[in-house]
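The sequence lines fix the lettering, A, B, ..., with proteins before strands; numbering per chain opens at 1.
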There are 2 protein chains.
Amino acid sequence: MDESEKSPVRAKRADAQRNEKALLDAAAAVFVSSGVDAPVREIAAQAGVGMGTIYRHFPMRADLIVAVYRHQVDACAEAGPGLLAESASPYEALGRWVDLFVDFLVTKHGLAVALGSNQASFATLHDYFIDRLVPVCKQMLEAAVVAGEIRRDVGAYELMRGIGNLCIFADKDSRYDARRLVGLLVSGLRV
Amino acid sequence: MDESEKSPVRAKRADAQRNEKALLDAAAAVFVSSGVDAPVREIAAQAGVGMGTIYRHFPMRADLIVAVYRHQVDACAEAGPGLLAESASPYEALGRWVDLFVDFLVTKHGLAVALGSNQASFATLHDYFIDRLVPVCKQMLEAAVVAGEIRRDVGAYELMRGIGNLCIFADKDSRYDARRLVGLLVSGLRV
DNA sequence: ATGAAAGTGGAGCATTGCTCCGAATCAAAT
DNA sequence: ATTTGATTCGGAGCAATGCTCCACTTTCAT
């Protein structure tokens with residue numbers, strides 16, 4: 001996967017590359033302060049570009065969100081096999097992996113909502129999370145089933161959606177602890 | 001609590017009463033077809049009144065939502081003690097009561113989101129649900145704890161919020177079954 | 001019947017998502 | 001260095017929506 005030389009198409013213009021970088025940085029900053037549902041204008045202003053430029057580089061809001069969080073999602077996905085290998089049991093590995101995911105989600109204001117929403121503008125985001133994380137989750141789930149630790153009738157997709165949902169608005173209410181409830185949900189998996 | 005005769009203040013004008021009724025009916029209909037987050041203009045149009053009239057009767061969106069669903073929430077709250085009395089165990093009663101709540105929530109498009117959101121405009125809604133349902137839930141939870149059926153470290157408020165969250169977007173994705181996941185969450189309560 | 005109080009309607013402002021196209025910029029060719 | 005065609009940019013402008021404000025209308029006690 002070499003990004004630097006694509007023979008068929010001409011490389012992107014220098015200013016376009018600069019702007020894309022600026023946009024990514026700006027979005028990351030704004031997402032932290034105002035959540036992933038911050039106004040497009042705010043991100044554009046922070047990056048010092050016009051709105052047209054945002055839509056040119058990231059046609060849908062989800063494209064920008066994915067670009068900003070891709071690394072962290074990948075890291076979470078890649079942590080799965082390691083946990084499975086080094087944990088005392090598949091169930092324990094699953095629990096630790098889920099904690100990773102929850103910690104990621106609850107610190108990204110508004111991300112869990114966007115994830116659950118089936119709006120067309122968020123399709124890319126939804127799909128990226130699903131494509132990347134569901135297979136890992138599925139693997140851990142199956143290992144735990146084989147080990148006889150959990151029930152076999154819960155799918156990885158459904159579990160991930162449930163965890164995502166439990167993280168919605170978790171940052172807005174001090175009386176609500178998403179980690180604790182996700183823990184409850186996961187212990188509900190036990191045979 | 002007699003609504004029909006309030007001595008000190010003059011009774012509401014006849015046209016105002018008519019409009020309030022029309023608004024309630026219109027809102028109920030629109031909530032079914034377009035969800036509780038339907039545009040205010042749509043509800044006004046359906047009721048055949050101006051927008052000013054909506055805001056006069058129901059200053060915040062939550063007021064209208066509460067007015068529409070008050071009966072059903074009350075019914076759910078009142079079903080609690082009966083279930084506790086007639087079920088084989090407190091835990092079973094809790095499970096059945098939670099099913100009632102979930103069935104109510106998943107059929108009201110967008111309600112679960114509004115419930116979880118801590119926006120000021122939804123404060124009344126949030127508070128009404130909490131005031132009405134948390135005490136009932138707490139009672140069942142405590143009974144189940146006393147019976148030694150569930151762990152004692154989960155609060156009623158947190159559980160209700162978790163259930164509400166699991167119902168978010170439940171109507172938008174056929175691969176996701178809120179009832180099943182709530183069931184999982186509740187079985188996670190077991191000691 | 002009448003006038004004050006209560007209620008109404010919808011124009012209008014603010015916010016936000018998104019499109020569109022003339023202007024600005026870039027890079028290849030000369 | 002200049003030209004020139006392609007690429008990219010910027011932000012005005014449109015549409016949707018929440019909410020306010022107040023001149024006008026309706027009701028009702030007198």
Worksheet item: With sequence neighbours left out, which residue pairs that include part of residues 59-68 of chain B fulfil the side-chain hydrogen bond (donor to acceptor under 3.5 Å, both in side chains) condition?
Response: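 side-chain hydrogen bond (donor to acceptor under 3.5 Å, both in side chains) check on residues 59-68 of chain B returns B:Asp63-B:Thr124.
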Practice prompt. Taking heavy atoms of chain B and a 4.0 Å limit, find me the 5'-most and 3'-most nucleotide of DNA chain D within that range.
Written response: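 First and last nucleotides in contact are D:dT17 to D:dA29.
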Practice prompt. Can you measure from CZ (B:Arg161) to CD1 (A:Ile168) and round to the nearest 0.5 angstrom?
Written response: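 If we round to the nearest 0.5 Å, B:Arg161:CZ and A:Ile168:CD1 are 10.0 Å apart.
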Worksheet item: For the atom pair CG (B:Asp153) and CG (A:Leu184), what is the distance rounded to the nearest 0.5 Å?
Response: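 Nearest 0.5 Å value for the CG-CG distance: 8.0 Å.
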Worksheet item: Are any of B:His57's side-chain N or O atoms less than 4.0 Å away from OP1 or OP2 of C:dG7?
Response: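 No, no such contact exists.
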Salt bridge check: are [X] and [Y] linked by an N-O gap of less than 4.0 Å?
| X | Y | answer |
| --- | --- | --- |
| A:Arg132 | A:Glu78 | yes |
| B:Arg179 | B:Asp99 | no |
| B:Glu158 | A:Arg180 | yes |
| A:Arg96 | A:Glu86 | yes |
| B:Glu142 | B:Arg152 | no |

Worksheet entry | Rounded distance in Å - CZ (A:Phe122) to C1' (C:dG17) |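 To the nearest whole Å, that distance equals 11 Å.
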Worksheet entry | Gap between atoms CD1 and C1', on B:Ile54 and C:dG9 respectively (whole Å) |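 To the nearest whole Å, that distance equals 12 Å.
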Discussion item. Contact list please: residues 29-49 of chain B against DNA chain C, heavy atoms, distance less than 4.0 Å, in numerical order.
Written reply: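 Residues of residues 29-49 of chain B under 4.0 Å from DNA chain C: B:Arg41, B:Val49.
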Fill in: Base versus backbone protein contacts along nucleotides 19-30 of chain C [heavy-atom cut-off under 4.0 Å; B, S, -]
B-----BSSS--
Discussion item. By the ring-ring contact (aromatic ring centres under 6.0 Å, His included) test, which pairs, at least two apart or in different chains, include something from residues 105-130 of chain B?
Written reply: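 Of all non-adjacent pairs touching residues 105-130 of chain B, none passes ring-ring contact (aromatic ring centres under 6.0 Å, His included).
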Residues 43-50 of chain A side chain polar contacts: donor-acceptor under 3.5 Å, at least two apart:
none

